[in-house]
Structure formats: structure tokens, C-alpha cells
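Read the numbers this way: they start at 1 and go in the same order the structure lists the ligands and their atoms. The figures here come from the full heavy-atom set of this structure, side chains too, leaving out hydrogens, waters and symmetry mates. One-based numbering along the sequence shown. Since the structure is predicted, the reported quantities are computational estimates derived from the model, not experimental observations.
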Amino acid sequence: MKEKRPFVTRFAPSPNGWLHLGHAYSALVAQACAQAQGGAFLLRIEDIDVGRARPHFVDGIEQDLDWLGIDWPTPVMHQSTRFEIYQQALDRLRDMQLVYPCWATRRDIAEAIADKAPDQDSKNWPRDPDGALIYPGLYRDIDDAKRQDMMWRGGSYAWRLDMQRACEIAEAKNAGPICYTEVSTGTPQRLACDARAYGDVIVARKDVPTSYHIAVTVDDAAQNITQVTRGKDLQAATAIHRLLQILLDLPEPTYFHHQLIRDVSGRRLSKQAGDVGFRDLRQQGMSRDEVMALLPPLLP
Ligand code: GLU
């Protein structure tokens, strides 16, 4: 029988803005789960987006968490120091012939979609569960000579996962459909997930040898995370993470996808929309208890 691993969960913000109330909720839920299980809570800084991550946002995150009464062991893992490790995972996928280089720009993709569906517009083109247009396959089926030629030309390229092949191999390895365990309702549920809905996702961007999907999957395993705690906005992407875990022989955590915090009009909070950073609330003189009172219960 497999030994039960000690409970470890994490809060993994990207430091490209101030934390908003939704992040505070996420961190508090993770901390509450760790306390309830007598386990550990880790902070991980997801700063692979080197163009947008800023050190003062890391400081801000730490100050906000501290004010919320959360503590975490140090040193804190920073993803920007781990590109070599992600490269190794990417190399493994490449050795399995599951990834291919893709030189397409956004514009090339839009044009390819328009060519493939001349009488429609991109509104009718299939989209992934997060709303992005499915990649139209541009550089998937080119022959080796063309690929070599493109490599020699030296343009920058991303790496994409050959999703169909990756799913077939993972399903064979897993001896059946891929599932994950959702624990946010209090009763663990085994849910089926199929990453095919995402098409050939990018697993390494043009500028760095990884993407969110590889980095998060590799690091959850490296930090012995037994429960991934994050918002429901990332629940669909769990299909990609389970697929990568199987392909890369990484252990399977459980998942707690908590509800998203909405503003008074019912809109989801987001950094892009410039929502009130929760440091503003505290600078306005709100107490921790007053902030907590704005949030739903932490545990089911
Ligand atoms: N870094 C991601 C974000 O800030 C969260 C990743 C995760 O929890 O899996 O949205």
C-alpha cells in the first residue's frame, strides 16, 4: 500500500500586481486547510512572466499575507530561478515526441483560422474552456525538412503539445480515462477531465522554456504538494496538469478549487480590471476581522 504523504498545500501568486480580495481568500482557504489537516502551507512566487513580474509586488504580497496572519516557511520558491528544471521536463516531452516547435504569431493564427473557415468569422471557431481560440494546427503537420529549415532560419518559436498524441499515451499509461479528485465540497469527488478540449497548448513560450502549465505541475511535485488550492477559474486547466503529471511520472495531488470572489455587481475580481487591491482596504483602515467578514466561509 502507498504511504500517505503528509499534507502540504500552497498559495502560488504571480507578482504582476497587488493582491486583491480574491487572492486573500485563496491564501486564507489554503492556510485553513493546512491547519485543519495539521499540515503545511507554502508560498510560491510564480514569476515566469519576466516581462511583468516586479520585486515590489513580491514584497507587497508578503506584507499582505503577513497582515492576514498567515505565515510560511522560508526560503520561498521563486519560479524565475528554475528555468533549467522546466527545460528538463520539456526535454522529456520532446524525447517522447509529444511537443513540436511553433513559429506562429497571433496574426498567423488569426489568418489561418480565416483561411480554414472563410465563410465564418473567428466567432464560430472552437474555443478552449478558458475562451482562447483553439490552435489551428499550423506547424503540427509540417515535414521534417521544413521544420529543420525553419530552425536554421533562427526565428523565435514556442513549443506546443501534440494534444491528441499526448492524451492517447497518457490514457494508455494510466490504463483508462484521466481523472482528478476535487475536495472543495468536503466529500472527495473523482471527476473525469479531458485536456483535448484545449487543443495543442503552448508548453514553452517563445521567451522562456516553460509555460504556466509545466511550471505549476513540476513545482507542485517538487514541493510535495498534496493538495492544490486555487480558484475555480483554474479548474478546467487541471485536465492539462493531470495529463502532464502522468506523462512526467509525477505524483497526483488532490484539488480544492474554491469559489471566486465577486464584487458587489457580481463581477469576478481581477488584476486586469484594476480591482481594489486589498492593501487599499487595509490602508483605508479596515481591520483583519472586517476583511474576513467580507469573505465566504473558508472551509466547506
Ligand atoms: N500563479 C497563478 C495565478 O496567480 C495561480 C497558479 C495556481 O494556483 O495553480 O493566477
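- Annotation for ligand 1: atoms under 4.0 Å from non-hydrogen atoms of Ser14 are 1 (N), 2 (C), 3 (C), 4 (O).
- In the vicinity of Val216, heavy-atom distances shorter than 4.0 Å reach the ligand 1 atoms 9 (O).
- With a 4.0 Å heavy-atom cut-off, ligand 1 is reached by the side chain of Leu234 but not by its N, CA, C or O.
- When each of Tyr198, Tyr255, Tyr212 is checked for a ring pair (Phe, Tyr, Trp, His ring centres under 6.0 Å) with His241, only Tyr212 meets the rule.
- Look at Arg92 and Asp249 and you find a salt bridge, because one of the NZ, NE, NH1 or NH2 atoms lies within 4.0 Å of a carboxylate O, short of that distance.
- Near Tyr212, with a cut-off below 4.0 Å to any heavy atom, the atoms of ligand 1 are 6 (C), 7 (C), 9 (O).
- Considering backbone and side-chain N/O of Ala12, one or more are found under 3.5 Å from N/O of ligand 1.
- The heavy atom nearest to atom 8 (O) of ligand 1, considering only Glu46, Arg10, His213, is found in Arg10.
- Between Trp18 and Phe57, the distance from one ring center to the other falls under 6.0 angstrom.
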Apply side-chain contact (heavy atoms from CB on, under 4.5 Å) to Leu243 and Met163, showing your working. CA-CA 10 Å; Leu243 175 66; Met163 187 57 86; 3.5 Å; yes
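- Salt bridge annotation for Arg242-Glu182: absent, with no cationic side-chain nitrogen under 4.0 angstrom from a carboxylate oxygen.
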